[in-house]
Novice: 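The following block contains the structure, expressed as structure tokens.
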Amino acid sequence: MLHVNENYSKIQASYLFTEIAHRVSAHQAANPDAKIIRLGIGDVTEPLCDAVVKAMHKAVDDEAARENFHGYGPEQGYAFLREKASKVDFQDRGIDIAADEIFISDGAKCDCGNIQELFGNDVKIAVGDPVYPVYVDTNVMAGRTGANEGGRYGGLTYLTCDASNGFVPGPEAAGDADIVYLCYPNNPTGAVATKAQLQKWVDWANDRKSLILFDAAYEAFIRTPGIPHSIYECEGARKCAIEFRSYSKTAGFTGVRCGYTVVPKGLVAFASDGSPVELRPMWTRRQTTKFNGASYITQRGAEAIYSPEGQAQTKATIDFYLENGRLMKEALSALGYEVTGGGNSPYLWVNVKGDSWEFFDKLLKEANVVTTPGAGFGKAGEGYIRISSFNSRANVLEAVERIRKVL
Ligand code: PLP
């Protein structure tokens, strides 16, 4: 008899964004003339910048000529992109990461999910609550958890992120976790971690021989000097951390698909006899076996992000989103709501002083504005909504006006 992977049945039936889509379409059907503004899903709205578009056009021309044509590329990514990423994202910031420690992929989501293949099924996992659902669901699928009871899976350690810890939990909550997922700037709370806070995690991981999976998908939004852009800014992090990067929010690549994962040389996990096993060769093996590389055209586009024009243009777009966030944060704060995030992140995390789905429904039905209920990101997200800055200025101003009237 053909058996299914029954771990899938543990996953909570209604995926957050499916439920939101369902409520939004029901509202639209009942109110066909309503002009709904979507501040919910974290997809970008601004187009690719000129430097990227030109590089991709040129790459298409390369593919059209026999002498410049590229078929299968290296599974780990083209050297031209790995070298630029290691130089600009790390070495120019004084961080020791080499090109051959960078693995180009089709985005951070896949890498966040795929990386756990390298680890035993008995490893103990710690995640934030609220959390980007991919870290949790991929471990549920792999069978590392028990059933979901009351919004939390058995066997996972949840690190509550709330106002009491400034939405940045410390390692004292991680117990005997072997792997901890950290994400800063955070999705969904928009919180950032200081170097001292991250250093504590790195010291904890090195002491315990645990691993940090650091998701830096939103690092390009950091504007406050001194806030780390990478876990490798912390001393000793090369020995205990893997980092995920994404061009999705950095450069509007949500539809193009490109990112990378950093696996430093010398980073190890342990075999059952206690002997160390290097993770970088394992990840190389995983990628060369199961992945055939991001496309040449995509990687040429990503390379252009690192040109002086690309850097200036992508920064201007992020500044635009940050200004959207500033406008919304100012308005909500003036209405008496506590707002975390913005400033160094595209997300605002708003304490709604009540039930998050009820607040979501109120904004949807009375203001025609879609947000994301915090409860969808975990138990500790109850009482909050997430607002995304990815939108046109006109929509943001209109949404602010409508929210002001309703609240
Ligand atoms: N990590 C976090 C925290 C995210 O919020 C997202 C997307 O929303 C991703 C990773 C996925 O990035 P990508 O588009 O590169 O797959």
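When a ligand or atom number is given, it counts from 1 through the structure's own listing order.
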Novice: By salt bridge (Lys or Arg N to Asp or Glu O under 4.0 Å), which residues pair with Arg82, not counting sequence neighbours?
Specialist: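 Here no residue qualifies.
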Novice: If you look at every heavy atom in Lys265 and Asp100, which pair is closest and at what distance?
Specialist: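 What the structure gives for the nearest pair is NZ-OD1, 2.8 Å.
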Novice: For residues Leu198 and Tyr184, determine if any side-chain heavy atom of one lies less than 4.5 Å from a side-chain heavy atom of the other.
Specialist: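 In short, these two side chains touch, coming nearer than 4.5 Å.
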Novice: At a heavy-atom distance under 4.0 Å, which protein residues reach ligand 1? Sort them by chain and number, would you?
Specialist: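 Lining ligand 1 at under 4.0 Å, by heavy atoms, one finds Gly107, Ala108, Lys109, Tyr132, Tyr135, Cys183, Asn187, Asp215, Ala217, Tyr218, Ser246, Ser248, Lys249, Arg257.
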Novice: Holding to side-chain hydrogen bond (donor to acceptor under 3.5 Å, both in side chains), I want the full list of residues that pass it with Lys362, two or more places apart in sequence or in another chain.
Specialist: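 With sequence neighbours excluded, Lys362 shows a side-chain hydrogen bond (donor to acceptor under 3.5 Å, both in side chains) to Glu366, given in chain and number order.
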Novice: Checking Asn139 side chain against Val136 main chain: does a donor-acceptor pair fall under 3.5 Å?
Specialist: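 The answer is no, because no donor-acceptor pair under 3.5 Å joins these two groups.
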Novice: Donor-acceptor pairs under 3.5 Å, side chain of residues 328-338 to any protein atom, not counting sequence neighbours: which ones?
Specialist:
from   : atom 1 : to     : atom 2 : distance (Å)
Lys329 : NZ     : Gly341 : O      : 2.6
Glu330 : OE2    : Arg326 : NH1    : 3.2
Ser333 : OG     : Lys329 : O      : 2.7

